[in-house]
Amino acid sequence: MNPISRRNARPLAKHFDFKEAEPRLYQWWDKKGWFRPEAAPPDAEPFVISIPPPNVTGALHIGHALFCTLEDLMIRYERMRGKAALWLPGSDHAGIATQLQVEQLLREEGTSREEIGYEAFLARTWQWKEQYGGTIVNQLRRLGASCDWERERFTLDAGLSLAVQRAFITLYEQGLVYRGPRLVNWSPGLRTAVSDLEVEREEEDGLLYYFRYPVAGEPPLTVATTRPETILGDTAVAVHPEDARYAAYVGKTARVPRLNRAIPIIADASVDPDFGSGVLKITPAHDFNDYEVGQRHNLPFINVLNEDATMNEAAGPYAGLDRFECRRQLWQDMQAEGLAIREEAHRHAIPRSQRGGEIIEPLLSTQWFVRIQPLARKAIEAVRDGRIQIIPEQFEKVYFHWLEHIEDWCVSRQLWWGHRIPAWYGPGEQIHVGSEPPAGEGWVAETDVLDTWFSSGLWPFSTLGWPDQTADLARFYPTSVLETGYDILFFWVARMIMMGLWFTDEVPFHTVYLHGLVRDAQGRKFSKSLGNVIDPLVLVDRFGADPLRFTLVTAGTPGKDLNLDEARVESNWRFVNKLWQIANFIISACLRSGSPPMGLPAKARQDLSSRWLLSRLNALIANVQRLFDHHQYGEAGRQMYDFVWGEFADWYIEVSKQALYLGTAAEREATLQVLLHGLDQSLRLLHPYMPFVTEEIWQHLPNPGETLMLAPWPVAADSLSDVEAEHQFQQLMDIVRGIRELRREYEVPPGQRLNIQLAPGKQERLVLEHSHVFSRLCHVESVEIHPAGETPSTEAVSLVFGEITLYIRLTEMVDQEAERTRLQREIERLEKMAARAKSQLADERFVARAPQEVVQQQRDQLQNAREALPQLKEQMAKLR
RNA sequence: GGGCGAUUAGCUCAGUCGGUCAGAGCGCGCCCCUUACAAGGGUGAGGUCAUUGGUUCGAGUCCAAUAUCGCCCACCA
């Protein structure tokens, strides 16, 4: 091993200038190639995350910032652990979203996609993509994302397009793809089919229309509908088979209002006799339930809608009207004929497009479908048998439920932007599926494209070169963790698992980590209309990327929505500053007295506070490891925060000043070593959360490696754990706090230094040897042994900490009454504690069954109370 | 109609393996510009851990019911 060349500490600026440092560090890391897995030795174990590809259309929102932070955290952590970490970035062509945006653009220019035509539209969209598509990916850089940019992919790249074709053709050849007329969810505005998942149902106020269905030879039937225009497509009227009211009607003929078409009255068990009048109109071409009834009873399917949801010629006199206009018109006409009975307010679920929000119509149309059950079975198995673990676990249930009830996936979309389905239509209704048309004349290419999620489903392996057996595929597939929001568990995660297993025969990743949604400080969803949208980049501008990252990770728990409060980002910005000031203090000390040799002082040269600090640090490292193993990054971050601020800064640094300012050269060196070690380890732990400030500080420390990014991750060592030191230092801390409380209670002026007498006892050396702790932390002038036999002055108050009793003389006469109250309070507290411990210990079941430490703890408490109480009571007795 | 989650301080939330777990941040009160940091330090007030049962030596933590809120799935016209 080469000796690491010695580098001196370099002074820090007074404050961290994140605006200057962040881009500088990022470019440096990137240029050095450290984001690439090749930065690790060739035999390093890989750790791979495929980024959830954001829509090219998108701008970075807070949800992106969350996934970006979590994934970067995992990647940086594993990289520091020596793995070949690959975070593969990219973006999604997002068929519908992108097409909508470009169409909007065209509309603003007074034209449309139909007008400019297919080729021009595609060219336009590509141009648009080149222009704006890089935005979001560049924004990820500002958050510190350590992606391997040389492996960046786009779902419409040539390689990925090939993968899509291969996958589709394979499924077809395996008999898992079929094409045919089915009732699908239709988006009239986009004039395309959409999948079940892309339809959202919201309860809305609507109307229920009651009307009469004329029946030959019987009084008319009363029927209710929410969509009167579909009456025109009715091909039956149904009642429940056991509904006595209508038994006479079954088999008779009804006449469709206005059109006078004769339709049968049938009996079907799916009719709920208790809803409305108990009579159901059947529109097989425009309702999913009716569709099934229609199939069962062999009814005709009459489609009354055009692709844009205007009425077609089957609607007779209403042809050409918009669906809602038709609804009004028909109802009016029925009122005129006396067929309309009444309208009733009715709250019901309306299906709306996830994109754009228009009302979706069930429409009969010819589409491509994937028979998904065989794929789903494999996907269920993989989670069931633990090859894939979903975190948090509760989502496994949801996953199973969805996959167990999954229906065939409509994968064709009548869009222009996307992967064209590799199919060809030949003479005589022939269909050929393949990347090229068959030989011969007259073959026409399919114009439908595939659902965007089809290509997303291949993402973990298509990005690595599949179907080619590339070196990357061999090395980095299966990937490691798939991290994303729970809202796309079905859309994306389940489909990746299904397709990964199907095409590669391996799970695409072994862990699924699902995060929650980011909401505003009051827990509301972000929305433009509420005006509560938080732009992560604005927060980065104000506070830097580190505080935002730290906040996003520590503000919540896995799988739960988190409320983002700007105040929290600000307070974490203060934490960044705190870290900076800690570093500033330590580096200044190095500059003053020379940087110490690397490493820790020998145990014999470690003072109590150092042993305490190192033991606490070691406990932190062990805890963090356990938490990381369980993906509890939030709790781990919070513990780091508490350690750095609450223990390292508040206590160790304060105490270290004694050695630094007044100690011998050897003491100074030993203390500096511990300070540097504490800082160095803290920076390593925090680096995955706050990469910028930690790297910047680390670069100013003496003797660092080249980059913190690749510095080894801290490992806990039993040799650093020191229970005794923790216990003793804790006693000192208790005393300091006790004295501070006392100072406040008696309003001792801050400048006034206290003289303390210590009752002789077992712990007297501990207290005497650390008098500097009290002098630095609570303004104590002197500590001396209380002369035996002498009664403490009436100007003194006493403080009791277990077996340590202190008498503190205050200059002015102590208010005897106040002191009595204080002592009384303290006595009561201890007596209660003693009583509880005593009764616990008297319970032999407790002593027998509770762990040894817990029993011992109770014994210690009892012991403490027993030693302290007589002291306190003695003091009470002395009061007048 | 099913399923899931939540309920802890004024607000937003942590709480791992049942035993220093009654915590943090913000807000609020009081004191302090003490030679790393006022972007700071110190110290307080404030909670029957939703309710009720149960398991256990021991429950914020596990179980069951209830209440309230939220989410997901589902073809009630």
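Below, chains carry the letters A, B, ... as their sequence lines are ordered, and counting in each starts from 1.
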Quote, to the nearest angstrom, the C1' distance that separates B:rU20 from B:rU61.
-> 15 Å
Decide yes or no, distance alone: a donor-acceptor N/O pair under 3.5 angstrom between the base of B:rU20 and the side-chain of A:Q730.
-> no
5'-most contact on RNA chain B: A:E292 or A:K14, nearest heavy atom basis?
-> A:K14
How is A:K657 classified with respect to the nucleic acid when contacts are heavy atoms under 4.0 Å: base, sugar-phosphate, or nothing?
-> base
Inter-nucleotide C1' distance (B:rA6, B:rA14), Å rounded | 14 Å
Side chain of A:E741 - closest among B:rU43, B:rC76, B:rA36 | B:rU43
Would you indicate what A:R744 reaches in the nucleic acid, counting non-hydrogen atoms under 4.0 angstrom: base, sugar-phosphate, or nothing?
-> base
Once you round it to whole Å, what is the distance between C1' of B:rG5 and CG of A:L489?
-> 15 Å
For A:V847 and A:Q840 the tightest heavy-atom approach is CG2-O, 4.5 Å
Using the P atom on both, measure B:rU12 against B:rA50 and round to a whole Å.
-> 15 Å
Which nucleotide in the list B:rU12, B:rG5, B:rA77 gets nearest to the side chain of A:Q394?
-> B:rG5
Is there ring stacking between A:H401 and B:rG3, where the centres must be under 5.5 angstrom apart and the planes under 30 degrees?
-> no
Judged by atom type as modelled, is there a donor-acceptor pair below 3.5 Å linking the side chain of A:H240 to the main-chain atoms of A:A267?
-> no
For A:T557, which contact category applies under a 4.0 Å heavy-atom criterion: base, sugar-phosphate, or nothing?
-> sugar-phosphate
Whole-Å P distance, B:rC76 and B:rG2 = 14 Å
Answer yes or no: is there a side-chain heavy-atom contact under 4.5 Å between A:Y513 and A:Y633?
-> yes
Members of residues 222-241 of chain A that approach RNA chain B, where some heavy atom sits under 4.0 Å away = A:A224, A:T225, A:T226
From B:rC72, B:rA24, B:rG41, nucleotide with atom closest to A:F490 side chain | B:rC72
Taking only Lys NZ, Arg NE, NH1 and NH2, and the carboxylate oxygens of Asp or Glu, determine whether A:D287 and A:R227 approach each other closer than 4.0 Å.
-> yes
May I ask you to verify if any side-chain N or O of A:R574 is less than 4.0 angstrom from the OP1 or OP2 atom of B:rG40?
-> yes
Flag the pair A:Y291 / A:F301 as yes when their ring centroid distance falls below 6.0 Å, and as no otherwise.
-> yes
Would you kindly say whether A:Y213 and A:D234 are connected by a side-chain donor-acceptor distance under 3.5 Å?
-> yes
Could you please name the option among B:rA77, B:rG29, B:rA14 that lies closest to any side-chain atom of A:H346?
-> B:rA77
CG of A:L514 versus C1' of B:rC4: gap in Å, rounded?
-> 14 Å
May I ask you to test the A:Y652-A:V674 pair for a side-chain heavy-atom distance under 4.5 Å?
-> yes
Sticking with atom P, work out how far B:rA9 lies from B:rG23, rounded to a whole angstrom.
-> 14 Å
Touch class at under 4.0 angstrom, heavy-atom based, for A:P851 against every strand present = base
Whole-angstrom distance between B:rC62 and B:rG1, as gauged at atom P | 28 Å
Determine whether the side chains of A:E343 and A:W331 contain a donor N or O and an acceptor N or O closer than 3.5 Å.
-> yes
Which nucleotide in the list B:rU43, B:rU16, B:rC32 gets nearest to the side chain of A:P750?
-> B:rC32
Phosphate OP1/OP2 of B:rG5 contacted by A:K397 side-chain N/O (<4.0 Å) | no
Hey, does the side chain of A:Y399 come within less than 4.0 Å of B:rG3's phosphate (OP1/OP2), counting only N and O?
-> no
Nearest-nucleotide pick for A:N577, side chain only, options being B:rG41, B:rC37, B:rA36 = B:rC37
A:Q639 and A:E635: side chain donor to acceptor below 3.5 Å = yes
A:R626 has its side chain closest, among B:rU43, B:rA36, B:rC17, to B:rC17
Is there a donor-acceptor contact under 3.5 Å linking the side chains of A:R574 and A:N577?
-> no
Sugar-phosphate, base or nothing in reach of A:D561, heavy atoms under 4.0 Å = nothing
Could you give the CZ-to-P distance, from A:F846 to B:rG19, as a whole number of Å?
-> 12 Å
Could you work out which one of B:rG40, B:rC75, B:rC30 sits closest to the side chain of A:W645?
-> B:rG40
Nearest to the side chain of A:L627 - B:rU16, B:rC32, B:rA77?
-> B:rU16
Looking at every strand, decide which applies to A:E393 at a 4.0 Å heavy-atom threshold: base, sugar-phosphate, or nothing.
-> nothing
Under 4.0 Å between any heavy atoms, over every strand shown, what does A:H348 touch: base, sugar-phosphate, or nothing? Just pick one.
-> sugar-phosphate
4.5 Å side-chain heavy-atom contact, A:E292 and A:R296 = yes
Determine if A:W573 stacks with B:rA39; use a centre-to-centre distance below 5.5 Å and an interplanar angle below 30° as the criteria.
-> yes
Dot-bracket, RNA chain B: Watson-Crick or G-U, under 3.5 angstrom, [ ] crossing, | other strand?
-> (((((((..((((.....[...)))).(((((.......))))).....(((((..]....))))))))))))....
For the ring pair A:F692 and A:F18, is the centre-to-centre distance below 6.0 Å?
-> no
Nearest-angstrom distance, C1' atom, B:rC71 to B:rA38 = 44 Å
Report the C-alpha distance between A:R342 and A:E344 in whole Å, list the side-chain angles of each, state the deciding distance to 0.1 Å, and finish with yes or no for salt bridge (charged side-chain N to carboxylate O under 4.0 Å, His left out).
-> CA-CA 6 Å; A:R342 67 174 193 278; A:E344 198 175 276; 3.0 Å; yes
Under 4.0 Å: is that the gap between some side-chain N or O of A:R740 and OP1 or OP2 of B:rU43?
-> yes
Rounded to whole Å, the CZ-C1' distance (A:F585 to B:rA36) equals 6 Å
Rounded to the nearest angstrom, tell me the gap between atom CE in A:M640 and atom C1' in B:rA24.
-> 16 Å
Figure out the CZ/C1' separation between A:R519 and B:rG70, and round it to whole Å.
-> 8 Å
Output the single nucleotide from B:rA36, B:rC75, B:rC26 whose closest atom is nearest the side chain of A:A567.
-> B:rC26
Please confirm whether any donor atom in the side chain of A:E654 sits under 3.5 Å from an acceptor in the base of B:rA36, or the reverse.
-> yes
5'-most by nearest nucleotide on RNA chain B - A:G556 or A:F575 | A:G556
Are the side chains of A:F395 and A:Y399 in touch, meaning some heavy atoms are under 4.5 Å apart?
-> no
Heavy atoms under 4.0 Å, any strand shown: does A:N584 hit a base, just sugar-phosphate, or nothing?
-> sugar-phosphate
When we call it a touch if two heavy atoms are under 4.0 Å apart, what does A:E407 touch: a base, just sugar-phosphate, or nothing?
-> nothing
Which part of the nucleic acid, if any, lies within contact of A:A649, taking any heavy atom under 4.0 Å across all strands shown: a base, the sugar-phosphate backbone alone, or nothing?
-> base
Determine the interatomic distance between P on B:rU16 and the same-named atom on B:rC63; round to the nearest Å.
-> 13 Å
Base, sugar-phosphate, or nothing: which does A:Y486 touch, judged by heavy atoms less than 4.0 Å apart?
-> nothing
